[in-house]
Amino acid sequence: MDEVRPTSGAQAHGLVPLFPPGLQAIYGECRRLYPDQANPLQVTAIVKYWLGGPDPLDYISMYRNMGCPAQDVQEHWHYVSFGLSDLYGDNRVHEFTGADGPSGFGFELTFRLKREVGETAPPTWPAELMQGLARYVFQSENTFCSGDHVSWHSPLDNSESRIQHMLLTEDPQMQPVQTPFGTVSFLQIVGVCTEELQAAQQWNGQGILELMRGVRVAGGPWLITDMRRGETIFDIDPHLQERVDQGIETEGSNLSGVSAKCVWDDLSRPPEDEEDSRSICIGSQPRRLSDKDTEQIRETLRKGLEFNNKAALPPINSQRQSHERPQSRKDSLESESSAAIVPHELVRTRQLESVHLKFNQESGTLLPLCLRGRLLHGRHFTYKSINGDTAITFVSSGVEGAFATEEHPYAAHGPWLQILLTEEFVEQMLGDIQELSTREETKLPKEFSWPEKKLKISVLPDSVFDNPLQ
């Protein structure tokens with residue numbers, strides 16, 4: 001639970017003797033931008049996270065920003081979080097690791113909301129939105145990067161707005177700060193429509209953000225969110241869709257994985273063979289992913305959120321390379337970012353003859369992106385089930401470290417399935433599943449089958465995944 005109150009002058013100016021140094025450093029950057037707003041309104045977590053409260057952000061300050069007429073930037077409210085970085089340096093929230101690396105998670109969130117005519121105080125709903133994102137970071141330990149997207153599937157302010165998702169970018173005014181506990185950068189939340197989110201998924205977040213900067217009503221140079229915006233950037237300027245299509249064609253997609261509603265079945269064996277069937281089983285405990293596979297899939301999804309030239313998954317070898325490896329043009333199922341994994345229990349790779357993949361509508365509409373934006377560019381794409389350990393990774397022939405091979409294109413580690421598709425087969429599949437690319441909803445259930453490849457894909461209603469007994 002939060003409360004709104006003004007900060008005291010002494011607190012805002014850092015005059016309290018025990019004023020936490022991490023907090024003071026961020027306040028200093030705020031004072032640089034807002035020297036005449038020493039006592040901004042602040043949303044404060046009543047019970048701090050480190051005392052068992054539900055909200056990870058100790059404070060969210062709210063400033064009135066007059067914009068910049070010279071750059072055609074309109075007046076707006078500017079929100080700044082305190083708590084994703086290490087404010088205290090005493091291990092109460094974040095492990096203190098020294099001043100050289102990132103402080104806490106290494107960033108704080110900001111948000112810029114268009115000020116409506118007659119508004120004298122900032123709306124407080126963005127504070128709860130920021131707390132929700134912070135809870136995700138703390139619980140998943142996944143950090144955000146500029147260019148990331150967040151599928152929210154609900155109006156950000158709980159209204160009827162079309163602004164239902166978010167992209168993240170560097171705050172245009174706030175500079176990274178050095179604190180005694182490490183560095184802190186400022187990532188700004190940008191509200192977007194569903195069509196803009198989908199374009200960011202199919203191409204990349206940075207590209208869409210750059211297009212939005214050129215459209216005043218969609219954000220302009222400082223990417224100010226207007227919850228009353230009723231048109232997408234593609235409605236406002238139809239030529240922008242051509243820019244996106246061209247980007248996907250030449251660069252591919254930076255999205256390497258999604259959490260999804262999906263299952264897979266091994267059709268090579270009779271369905272009563274419970275040991276190897278991956279369909280939803282009621283009353284039986286599905287086999288678990290190994291620790292190493294779990295870490296690798298988690299790294300895939302994490303790296304999929306980052307804006308990298310090289311998509312990466314986690315360690316296939318358990319020995320960490322200590323020397324710098326030359327950048328390879330080939331995509332890799334190994335990650336240089338994750339810590340060395342201790343050797344895990346050996347997992348038998350099972351080669352499968354025939355598989356059946358099942359996706360819900362939302363996951364199914366991403367299949368063309370997976371094939372065109374990822375596999376045709378020599379990359380990989382992972383669906384990780386939100387309902388359990390099941391995962392499906394599509395890999396192209398150029399991906400290193402995969403356990404699926406051209407000789408055995410369908411292979412599994414427990415509930416993790418890898419499918420290797422040749423470029424020729426990807427082109428064939430794209431032609432066959434073309435209807436999934438259209439904006440209109442596909443009539444479900446929908447089935448696609450390639451008997452010569454022993455592959456079947458079904459797109460099914462959500463109820464099949466939510467209620468396995470049906």
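- In this structure, L436 CG and C370 SG are separated by 11.5 Å, a value rounded to the nearest 0.5 Å.
- With sequence neighbours left out, the side chain to side chain donor-acceptor pair (under 3.5 Å) criterion links S253 to no other residue.
- Within 6.0 Å of CD on Q246 lie no more than 12 heavy atoms contributed by other residues, nucleotides or ligands.
- Using a cut-off of 4.0 Å between Lys/Arg side-chain N and Asp/Glu carboxylate O, K48 and D55 are scored as not salt-bridged.
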Pair Y383, F359 - check ring pair (Phe, Tyr, Trp, His ring centres under 6.0 Å), show working.
CA-CA 9 Å; Y383 288 94; F359 300 98; 4.6 Å; yes
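- In this structure, CD1 on I248 lies 12.0 Å from CG on L376, to the nearest 0.5 angstrom.
- Interatomic distance, CD1 of I208 versus CZ of R243, reported as 9.5 Å (0.5 Å rounding).
- When atom types are taken as modelled, the side chain of H76 and the backbone of R112 share no donor-acceptor pair closer than 3.5 angstrom.
- For the pair Q37 (side chain) and M62 (backbone), a donor-acceptor distance under 3.5 Å is absent.
- Considering only residues two or more places apart in sequence or on other chains, Y34 meets the side chain to side chain donor-acceptor pair (under 3.5 Å) condition with N65, H78.
- Two rings, from Y27 and F82, have their centers less than 6.0 Å apart.
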Tell me, with the steps shown, if L369 and L255 meet side-chain contact (heavy atoms from CB on, under 4.5 Å).
CA-CA 9 Å; L369 152 70; L255 182 69; 3.8 Å; yes
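- Between the side chain of H94 and the backbone N or O of L87, no donor-acceptor pair lies under 3.5 Å.
- Proximity of a side-chain donor or acceptor of S458 to a complementary backbone N or O of K358 within less than 3.5 Å is not detected.
- Minimum interatomic distance between C262 and K384 (heavy atoms only, all atoms of both residues): SG-C, 4.5 Å.
- Partners of S385 under the side chain to side chain donor-acceptor pair (under 3.5 Å) rule, at least two apart in sequence or in another chain, do not exist in this structure.
- In this structure, W50 has its ring center closer than 6.0 angstrom to the ring center of Y88.
- Under the 6.0 Å cut-off for aromatic ring centres, F105 and F138 qualify, their centroids lying closer than that.
- Residues forming a salt bridge (Lys or Arg N to Asp or Glu O under 4.0 Å) with D72 (at least two apart in sequence, or on another chain): R216.
- Between the Q178 side chain and the A99 main chain, a donor and an acceptor come within less than 3.5 Å of each other.
- Salt bridge absent: R228 and D226 never bring a charged side-chain N and a carboxylate O closer than 4.0 Å.
- Remark: the backbone N or O of S161 is paired with a side-chain donor or acceptor of S159 at under 3.5 angstrom.
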Check the pair F111, S81 against side-chain contact (heavy atoms from CB on, under 4.5 Å), reporting the backbone distance first and the verdict last.
CA-CA 9 Å; F111 181 60; S81 78; over 6 Å; no
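- Formation of a donor-acceptor pair under 3.5 Å by the W203 side chain with backbone atoms of E249 is not found in this model.
- Side chain of E29 to main chain of Q175: a donor-acceptor pair is present (N/O by atom type, distance under 3.5 Å, no hydrogens or angles).
- The environment of H153 atom NE2 is dense: over 12 non-hydrogen atoms of other residues, nucleotides or ligands sit within 6.0 angstrom.
- With rounding to the nearest 0.5 angstrom, the CZ atom of R115 is 12.5 Å from the CD1 atom of I224.
- Here the options are E195, E196, E231, the test is salt bridge (charged side-chain N to carboxylate O under 4.0 Å, His left out), and the partner is R162; only E195 passes.
- A distance below 6.0 Å separates the ring centres of F144 and Y136.
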Would M227 and L113 satisfy side-chain contact (heavy atoms from CB on, under 4.5 Å), going step by step from the backbone distance to the final call?
CA-CA 8 Å; M227 294 303 297; L113 179 67; 3.9 Å; yes
N/O donor-acceptor pairs under 3.5 Å from side chains in residues 124-134, not counting sequence neighbours:
from	atom 1	to	atom 2	distance (Å)
E128	OE2	R135	NH2	2.6
Q131	OE1	L57	N	3.0
Q131	NE2	L57	O	3.0

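- The residues R64 and E75 are annotated as salt-bridged, a charged nitrogen and a carboxylate oxygen being separated by less than 4.0 angstrom.
- Legend: residues meeting side-chain contact (heavy atoms from CB on, under 4.5 Å) with N91, ordered by chain and number and at least two apart, are E95, F96.
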